[in-house]
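Heads up: the structure comes next, in structure tokens.
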Amino acid sequence: MATFQSLPGFREFYPDALARRNHIFRLWRQTASTFGFAEYDAPVLEPLELYKTKSGDEIEAQLFSFTDKGGREVALRPEMTPTVCRMVGAKANALKRPIKWFSVAEYYRYERAQKGRERAFFQFNADIFGEPGPEAEIELIALLTQCMCAFGLTEQDFYVRLSDRNLWFYYLEALGLDEAKTRAMLSAVDKFEKAGEDAFKAYEEQHGPIGAELKAKILAFLQIKTLAALEQTLAPVGGEKLAARLADWRKVLGGLEAMGLARYVEVDLGVVRGLAYYTGFVFEAFDRKGELRAIAGGGRYNDLVAKLGGPELPAVGFAIGDVTLGLLLEARGLMPTLVNASDIYCVIGGEAERRAAFADIHALRAAGYRTDYPIREVAFGKQFKLASESGAKLALIYGADELAKGLVKVRNMSDRAEQDVPAAQVMEFVRDFFGGE
RNA sequence: GCGGUCAUAGCUCAGUUGGUUAGAGCACAAGAUUGUGAUUCUUGGGGUCGCGGGUUCGAAUCCCGUUGACCGCCCCA
């Protein structure tokens, strides 16, 4: 057994695991690019204060933080949001609006590792800055769903739960709750799905018993699954703010429906997301079977850029984690296996033939064909087995008989057909073969 | 940070009330096979049984500690 093991929650990526990771990254990048998002990157190590300012002092317990040799308090980034807010804030006036940016990066959190949660993990992060209206939400939720569908996932596999902190604020205000009670109630709502009635305990300890009528209204609000039900519930409450907010809801859901994405999105006010900096719509993606942790989460955070020292700049963003998504893809059989296949495998008779083959091998590789051969002498019969295992579509056979006649034998690995090709025309033959695919 | 379960080969696991040299399948490698593919047969490498201590004539097996994984709680940006 090895003397040293990797730290808890830190993963090693053997080639097959890295191939799966790259597959995920590739489709994320491709998808973001089709949506017109630009990729950026940023430091892994940041001033500790950046995260304390954003999330409060308690956050330090969840961070990989330390003092560097210059006496600076630093932390490995646990998320991208504060960093990207700083970057955008610093050049806000020079950036063309809307600012649509994405990144694929590794994050570090000092937490107990569990299924679907590691201490080091990757996230796809997408944000839109400078757009206060719900059009930004449409764009991002569309991107989120496509970032899942690109892998072959369907509405049978995942869905996005859409909620709204503003709606809760307006509704609870109309029900007569002050700000402190509202925050406590949102915290209870956040816990309700997991804890049930117990979720209200903390609220009642703080603010006294919840009246039966109030509780019934809260629970009814949580049951709402459609826009129609939402409008029906809020109609008697009235108020301009609520009316305007419902118009935003109609815009978001209408836009997503027009994109054909309605089947992925559910109204679900049970999602409030713990962190206090969200200022409007919030959403999370889950697997339909409810077996896994959240796959993605995001929302609007209009105050954060200013809070971190930039100008007033509205923003919406979300992140998808690689761990839970990877688990879901494995469970649905959507993770490809053979990734390192060759195009061409060379079967080589002996040492003399090897020298002749090398010229072609190098030329083929330079021309971009994935070309492999047995690195040391191997029995002829076994080489065909190796060729088969390599995944190559074509085997080039450099035998003594062929080379004596100035030929190379070419075997089509799928239909086993063979033909002789003049040695000088091998490259041309290969081009035709792969060009005609 | 707290509780529960578990830890034997690269992987999945077997290993009797404690008994002498710890096994199987898969995977990997070599050969049968010096000119033709996933089959078959033979053979091989690979283990201080997570680590440390204790009980015992004797520990993979029992006890204590520790590390890690998994499940749950807290948290989840």
Side-chain angles (χ1 to χ4, degrees), chain A residues 1-12 14 16 46 50-56 58-63 75-85 107-119 121 123 125 127 187 190-191 194-195 198 202 271-278 282 284 291-299 301 304 317-319 321 323-324 327 338 345 347-353 374 376-404 409-418:
Chain A
M1 209 45 66
T3 310
F4 296 105
Q5 36 188 153
S6 63
L7 263 43
F10 282 75
R11 290 169 291 165
E12 294 174 308
Y14 284 79
D16 56 339
E46 290 276 19
L50 180 64
Y51 304 112
K52 285 189 176 177
T53 300
K54 185 211 162 210
S55 307
E58 319 79 55
I59 194 70
E60 190 171 354
Q62 317 281 342
L63 296 176
L76 289 170
R77 66 182 171 205
E79 57 167 326
M80 193 60 99
T81 306
T83 301
V84 71
C85 283
Y107 301 95
Y108 310 87
R109 296 180 185 175
Y110 199 87
E111 298 178 297
R112 172 77 87 208
Q114 285 179 17
K115 189 178 187 185
R117 183 168 83 177
E118 309 285 347
R119 285 182 164 183
F121 55 92
Q123 282 188 343
N125 212 274
D127 297 272
S187 168
D190 192 31
K191 293 187 171 70
K194 210 172 200 178
D198 287 351
V271 175
V272 287
R273 296 184 62 76
L275 270 286
Y277 67 86
Y278 284 113
V282 289
E284 294 190 331
E291 291 169 346
L292 302 169
R293 308 173 63 84
I295 300 163
Y301 50 99
L304 201 53
F318 73 87
V323 181
T324 309
L327 289 172
L338 186 68
Y345 197 91
V347 173
I348 301 167
E351 204 47 46
E353 294 81 4
R376 52 184 178 128
E377 251 186 277
V378 172
F380 223 85
K382 184 152 280 188
Q383 291 191 52
F384 284 93
K385 193 174 171 181
L386 293 173
S388 176
E389 289 167 353
S390 78
K393 296 176 185 69
L394 223 50
L396 302 185
I397 302 163
Y398 294 85
D401 300 349
E402 288 84 357
L403 288 182
K409 188 171 277 179
V410 178
R411 182 178 176 88
N412 182 329
M413 294 303 286
S414 48
D415 62 15
R416 304 187 176 207
E418 287 184 353

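Proteins come first, then strands; the chains are lettered A, B, ... in the order of their sequence lines, and each starts at number 1. Values below: every heavy atom of this structure, side chains too, minus hydrogens, waters and symmetry copies. Quick caveat, the model's predicted, so the values are computed rather than measured.
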Quick check for you: among [options], whose closest atom lies nearest to any side-chain atom of [X]?
| X | options | value |
| --- | --- | --- |
| A:Gln114 | B:rG35, B:rC75, B:rC74 | B:rC74 |
| A:Pro8 | B:rC70, B:rG68, B:rG37 | B:rG68 |
| A:Ile397 | B:rG35, B:rC76, B:rU39 | B:rG35 |
| A:Lys385 | B:rC76, B:rU39, B:rU36 | B:rU39 |
| A:Lys382 | B:rA30, B:rC74, B:rU34 | B:rA30 |
| A:Lys409 | B:rC75, B:rU36, B:rU39 | B:rU36 |
| A:Asp401 | B:rC71, B:rA77, B:rG35 | B:rG35 |

Of A:Arg376 and A:Ser388, the one whose nearest nucleotide on RNA chain B sits closer to the 5' end is A:Arg376
Does A:Tyr110 or A:Glu118 map to a spot on RNA chain B nearer the 5' end, using the closest nucleotide for each?
-> A:Tyr110
Within a reach of under 6.0 Å around OH of A:Tyr110, are more than 12 heavy atoms found that belong to other residues, nucleotides or ligands?
-> no
Remember a base hit wins even if backbone is also touched, and classify [X] as base, sugar-phosphate or nothing at under 4.0 Å, heavy atoms.
| X | answer |
| --- | --- |
| A:Ala294 | nothing |
| A:Asn412 | base |
| A:Met413 | base |
| A:Pro78 | base |
| A:Glu402 | base |
| A:Leu386 | nothing |
| A:Gly9 | sugar-phosphate |

Report yes or no: is there a donor-acceptor pair, N or O only, under 3.5 Å between the side chain of [X] and the base of [N]?
| X | N | value |
| --- | --- | --- |
| A:Glu418 | B:rU36 | yes |
| A:Arg411 | B:rU36 | yes |
| A:Glu111 | B:rG1 | no |
| A:Arg112 | B:rC71 | no |

Carboxylate-amine/guanidinium contact A:Arg77 A:Glu46, below 4.0 Å = no
Paired nucleotide for [N] [Watson-Crick or G-U wobble; both distances under 3.5 Å]:
| N | result |
| --- | --- |
| B:rG37 | none |
| B:rA29 | B:rU43 |
| B:rC57 | B:rG19 |

Distance between the [atom1] atoms of [N] and [M], in whole angstroms?
| N | M | atom1 | answer |
| --- | --- | --- | --- |
| B:rG23 | B:rU8 | C1' | 10 Å |
| B:rU39 | B:rC49 | C1' | 36 Å |
| B:rU16 | B:rA60 | P | 12 Å |
| B:rG52 | B:rA59 | P | 14 Å |
| B:rA32 | B:rC51 | C1' | 44 Å |
| B:rU66 | B:rC57 | P | 28 Å |

Can you name the closest pair of heavy atoms from A:Gly321 and A:Gln123 and give their distance?
-> CA-CG, 4.1 Å
A:Ile348 atom CD1 is separated from B:rU36 atom P, nearest whole Å, by 17 Å
Under 3.5 Å donor-acceptor, A:Glu377 side chain and A:Gly350 backbone | no
Checking A:Arg119 side chain against A:Ala113 main chain: does a donor-acceptor pair fall under 3.5 Å?
-> no
Phosphate-side-chain proximity, A:Arg273 and B:rA77, N/O vs OP1/OP2 below 4.0 Å | yes
OP1, OP2 of B:rA69 versus side-chain N and O of A:Arg11: anything below 4.0 Å?
-> no
Where does the angle between the aromatic ring planes of A:Phe121 and A:Tyr107 fall among parallel (under 30°), tilted (30 to 60°) and perpendicular (over 60°)?
-> tilted
